[in-house]
Amino acid sequence: MPELPEVETTRRGLEPHVVGKVIAAAEVRRSRMVRRQHRDRDFAERIVGRRVLGLRRHGKAILGDLDGDLTWVTHLGMSGRISVATAGSPEPPHANVVLSIKGTAEEVRFVDPRTFGYMAVFTPDELAEWPPSKWGPDALAELPSAAKLREVFARRSAPIKAVLLDQGVVAGLGNIYADEVLFRAKVAPTTPANVLSTEQVAAVRKAVSPVLKAGLRHGGTSLNDLAYLLPDGRAGDYLSRLKAYGRDGEPCERCGTAIRRTVVRQRSSFWCPKCQPS
DNA sequence: ACCTCCCTGGCC
DNA sequence: GGCCAGGGAGGT
């Protein structure tokens with residue numbers, strides 16, 4: 001449940017269940033899930049008894065402001081999702097971290113089969129050291145101007161797809177939405193960023209917000225494996241609206257040409273060879 | 001500025 | 001069995 005719309009729908013789904021509430025207990029069943037924590041194994045110790053003052057998001061990270069000036073970080077990685085359910089109800093496999101909420105019958109389960117995600121509670125100093133402090137502006141809330149993007153792209157000869165996936169440039173785009181942005185902008189994923197025309201940079205920039213907002217409106221992209229679900233267990237609906245990602249061999253909706261799959265930086269990329277000339 | 005690897009599971 | 005999967009840290 002990895003990209004920005006999935007993370008934001010998760011944040012919104014989680015918010016009413018935790019904001020203003022106190023974490024009553026924390027069970028870490030796989031210590032790997034808290035491996036980003038500075039001192040080993042004190043995740044539970046740090047979060048228990050804390051009140052959640054607010055829940056924010058930056059890129060693909062969910063940030064919970066706790067009392068005592070601590071920040072509760074959740075990164076869902078590739079296969080992570082949050083489930084809010086009645087304590088004691090049947091659990092899905094890989095509920096690796098479970099938080100109970102004071103005064104309610106609900107618990108928050110961090111489900112993550114591949115364990116690429118993590119949770120941590122950071123002090124302000126630790127938060128400043130945490131890698132995403134090197135993340136760029138949020139793709140939805142603070143998308144850089146076209147001029148700024150032109151400047152950044154001009155310095156990069158890497159494929160535009162790789163640059164869009166670089167969280168240091170813009171935080172929040174992942175493999176699915178990067179392909180969707182490039183399809184909408186009519187730019188091939190393999191195009192070196194520094195050869196994009198001014199118009200193409202503008203088109204890429206202009207595509208980001210509509211693509212992400214459409215993903216949000218539909219609750220994100222639950223793929224067929226249903227690894228990503230909203231916190232209440234509903235599936236996100238955006239899969240059927242994807243125009244490029246996963247549509248290898250299917251006709252492009254604009255021109256009918258078969259969508260192609262190409263590997264860019266070890267990630268699958270889907271694009272229309274006619275609408276997105278390289 | 002690149003790979004490689006971290007994991008588990010589903011599908012062919 | 002082999003390949004694939006919403007990400008990114010770490011080492012080169």
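So you know, we letter chains A, B, ... as the sequences are listed, proteins then strands, and number each from 1. The structure displayed is predicted, hence computed values, not measured ones.
Residues A/Arg114 and A/Pro132 each lie close to DNA chain C; by heavy-atom proximity, the contact nearer the 5' end of the strand is made by A/Arg114. Between A/Arg156 and A/Arg32, the residue whose closest nucleotide on DNA chain B is further toward the 5' end is A/Arg156. Judged by closest nucleotide on DNA chain B, A/Ala158 is the one of A/Pro93 and A/Ala158 placed further toward the 5' end.
For A/Arg36, the listed nucleotide lying nearest its side chain is C/dG10; candidates were B/dG9, C/dG10, C/dA5. Side-chain proximity of A/Arg265 to the nucleotides B/dC2, B/dA1, B/dC3 is greatest for B/dC2. The nucleotide whose nearest atom lies closest to any side-chain atom of A/Arg261 is, among B/dT4, C/dG7, C/dC4, C/dC4. Side-chain proximity of A/Asp225 to the nucleotides B/dT4, B/dG9, C/dG6 is greatest for C/dG6. With B/dT4, B/dG9, C/dG7 as the candidates, the nucleotide lying closest to the side chain of A/Gln266 is B/dT4. In the set C/dA5, C/dA9, B/dT8, B/dT8 carries the atom at the smallest distance from any side-chain atom of A/His94.
One atom, CE of A/Met78, and another, P of B/dC5, lie 16 Å apart when rounded to the nearest Å. Following rounding to the nearest Å, A/Arg81 (CZ) and B/dT8 (C1') show an atom-to-atom distance of 14 Å. Distance NE2 (A/His58) to P (C/dG8): 13 Å, rounded to an integer number of Å. The CG-P distance, from A/Asn224 to B/dG9, rounds to 19 Å in whole Å. At whole-Å resolution of the value, OH in A/Tyr118 and C1' in C/dG8 are 8 Å apart. Between the CZ atom of A/Arg35 and the P atom of C/dG8 there is a distance of 12 Å, rounded to whole Å. Spacing between atom NZ of A/Lys134 and atom C1' of C/dA9 amounts to 10 Å, rounded to whole angstrom units. Rounded to whole Å, atom C1' of C/dG6 lies 11 Å from atom NZ of A/Lys161.
With both ends at atom P, the span from B/dA1 to C/dG6 equals 24 Å, rounded to whole Å. Comparing the P positions of C/dG8 and B/dG9 gives a spacing of 22 Å, expressed to the nearest Å.
Across all strands, A/Trp135 comes closer than 4.0 Å only to sugar-phosphate atoms, never to a base (heavy-atom distances).
The minimum heavy-atom distance linking A/Val181 with A/Val208 is given by the pair CG2-CA, 3.9 Å.
Using modelled atom types, one finds no donor on one side chain facing an acceptor on the other under 3.5 Å when comparing A/Thr9 with A/Tyr238.
Using the Watson-Crick or G-U wobble rule with both distances under 3.5 Å, C/dG6 pairs with nothing in any strand shown.
Cluster annotation: A/Val22 and A/Ile101 are assigned to distinct hydrophobic clusters (Ile/Leu/Val/Met/Phe/Trp/Tyr, side-chain heavy-atom contacts under 4.5 Å, transitive).
In this structure, A/Arg254 is positioned above the aromatic face of A/Phe183, its NZ or CZ under 6.0 Å from the six-membered ring centre and within 45° of the axis. Under the 6.0 Å distance and 45° angle rule, A/Arg36 counts as a cation-pi partner of A/Tyr118.
Between A/Phe110 and the choices A/Asn96, A/Ile82, A/Leu99, the side chain to side chain contact (heavy atoms under 4.5 Å, CB included) rule is met once, by A/Ile82.
For A/Lys60, a side-chain nitrogen or oxygen approaches OP1 or OP2 of C/dG8 to under 4.0 Å. At the phosphate of C/dA5, OP1 or OP2 sits under 4.0 Å from a side-chain N or O atom of A/Ser268. At B/dT8, one or more side-chain N or O atoms of A/Arg30 fall inside 4.0 Å of OP1 or OP2 (strictly under the cut-off).
Between the CZ atom of A/Phe270 and the CD atom of A/Gln276 there is a distance of 12.5 Å, given to the nearest 0.5 Å.
An aromatic stack links A/Phe116 and the base of B/dC6, using centre distance under 5.5 Å and interplanar angle under 30°.
Checked for salt-bridge contact, A/Arg29 and A/Glu91 meet the test: a charged N lies under 4.0 Å from a carboxylate O.
Proximity of residues 163-197 of chain A to DNA chain B (heavy atom under 4.0 angstrom from any strand atom) is not detected for any residue.
The local environment of NZ in A/Lys21 is crowded, with over 12 non-hydrogen atoms from other residues, nucleotides or ligands closer than 6.0 Å.
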